[in-house]
Amino acid sequence: MDIQKLRQDRGWSQEQLAEMADVSARTIQRIETGQAASPETLKALAAVFEISLKDLQETDASAKSRRKMLSPMELRVLAEIRSQRAFYIHLFFYVTICAFLFLINLLTWRGYVWAVWPFLGWGIGVLMHGITVIRPLRNFGADWERREFKKRMQEKTSRN
């Protein structure tokens, strides 16, 4: 059992845990991806989970040993899945909040559609986030270059 498991068992989001432990959400993210936590952070988390610091450190150590059993490819896939989940959460909040802003705009000020500006501005951020996660151009990465290089070299050698 690790911090992520403890958090998920209680149905808490990373943000909720961060708020209860008085740390940043980024700190929780780093801890859940296997980075070391400061003693103060571990004490705060132990208090939030209502377990002893020793028990928390043992669960953290067992999680690290399980993580070491995963191959680098499995860790990469796990990271991709987590970033895709983060994108979908981002997209959900974007759609929800923008719809709410348009509703407020419609109810309060019909003469000017100001809600379009946050919609467009935030939309660019969501688009960039989606491109980095979903990677529609992944076929043109390093593997594509290697395949293309091999193919062209074979063509050149077969002609000579």
Side-chain angles (χ1 to χ4, degrees), residues 1-38 40-49 51 56-57 59-109 112-149:
M1 188 181 316
D2 58 9
I3 291 176
Q4 183 177 13
K5 175 108 173 74
L6 289 168
R7 176 181 61 78
Q8 289 173 340
D9 287 348
R10 288 163 175 77
W12 297 339
S13 69
Q14 289 178 334
E15 291 77 17
Q16 288 171 318
L17 176 58
E19 187 177 318
M20 288 185 277
D22 197 28
V23 298
S24 71
R26 183 68 188 123
T27 298
I28 300 299
Q29 292 168 355
R30 282 194 297 265
I31 293 169
E32 288 186 0
T33 57
Q35 295 180 18
S38 70
E40 294 81 23
T41 302
L42 287 174
K43 286 177 189 174
L45 290 172
V48 168
F49 289 126
I51 60 175
L56 183 65
Q57 288 171 331
T59 61
D60 195 35
S62 67
K64 285 180 183 172
S65 67
R66 274 198 317 275
R67 240 180 241 114
K68 288 178 185 175
M69 289 188 285
L70 296 175
S71 72
M73 180 175 284
E74 290 170 325
L75 290 172
R76 213 171 20 255
V77 168
L78 188 59
E80 286 175 8
I81 291 169
R82 287 181 176 158
S83 52
Q84 195 169 7
R85 179 185 66 195
F87 168 69
Y88 289 133
I89 291 169
H90 187 188
L91 183 63
F92 170 77
F93 281 109
Y94 168 71
V95 169
T96 305
I97 291 172
C98 283
F100 184 67
L101 289 175
F102 275 105
L103 180 66
I104 290 173
N105 190 174
L106 213 100
L107 295 175
T108 59
W109 196 351
Y112 178 66
V113 185
W114 54 261
V116 73
W117 298 112
F119 174 76
L120 291 175
W122 192 1
I124 291 169
V126 170
L127 179 66
M128 292 297 134
H129 190 179
I131 287 172
T132 61
V133 171
I134 298 173
R135 298 183 310 175
L137 303 176
R138 85 176 67 180
N139 294 336
F140 296 109
D143 290 337
W144 175 79
E145 287 179 11
R146 269 189 245 112
R147 287 190 312 268
E148 202 60 28
F149 179 79

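This structure is a prediction, so every number in the text was calculated from the model and none was measured.
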Original post:
Could Glu32 and Arg7 be called an ion pair, given the rule that one side-chain N must be under 4.0 Å from one carboxylate O?
Top reply: yes
Subject >> Atom pair CD1/OG1 of Ile28 and Thr33 - distance to nearest 0.5 Å >> reply: 11.0 Å
Original post:
OG1 of Thr96 to CG of Leu101: how many Å apart, nearest 0.5 Å?
Top reply: 11.0 Å
Original post:
Out of curiosity, Phe102 CZ to Leu107 CG, how far, rounded to the nearest 0.5 Å?
Top reply: 13.0 Å
Subject >> From Met128 atom CE to Phe87 atom CZ, the distance as rounded to the nearest 0.5 Å >> reply: 11.5 Å
Identify every side-chain donor-acceptor pair in residues 114-123 under 3.5 Å, counting partners at least two apart or on other chains, and give the distances.
unit_1, atom_1, unit_2, atom_2, d
Trp117, NE1, Tyr112, OH, 2.8
Trp122, NE1, His90, NE2, 2.9

**OP:** Check the pair Tyr88, Val133 against side-chain contact (heavy atoms from CB on, under 4.5 Å), reporting the backbone distance first and the verdict last.
**Re:** CA-CA 10 Å; Tyr88 289 133; Val133 171; over 6 Å; no
**OP:** Could you grab the distance from atom CD of Gln4 to atom CG of Asp9, nearest 0.5 Å is fine?
**Re:** 10.5 Å
Original post:
Is the number of heavy atoms from other residues, nucleotides or ligands within 6.0 Å of CD (Gln29) greater than 12?
Top reply: yes
Original post:
At their closest point, which heavy atom of Glu15 faces which heavy atom of Ala25, and how far apart are they?
Top reply: CG-CB, 4.3 Å
Subject >> Distance (rounded to the nearest 0.5 Å) between Phe100 CZ and Phe93 CZ >> reply: 13.5 Å
Original post:
Between Arg10 and Leu17, is there a donor-acceptor pair closer than 3.5 Å when you use the side chain of the first and the backbone of the second?
Top reply: no
**OP:** Would you mind reporting whether Val23 and Ile31 have side-chain heavy atoms less than 4.5 Å apart?
**Re:** no
**OP:** Decide side-chain contact (heavy atoms from CB on, under 4.5 Å) for Ile51 and Leu6; before the verdict, give the C-alpha distance in whole Å, the side-chain angles of both, and the deciding distance to 0.1 Å.
**Re:** CA-CA 10 Å; Ile51 60 175; Leu6 289 168; 4.0 Å; yes
Subject >> Contact summary for Ala44 and Ala21, nearest pair of heavy atoms >> reply: CB-O, 3.5 Å
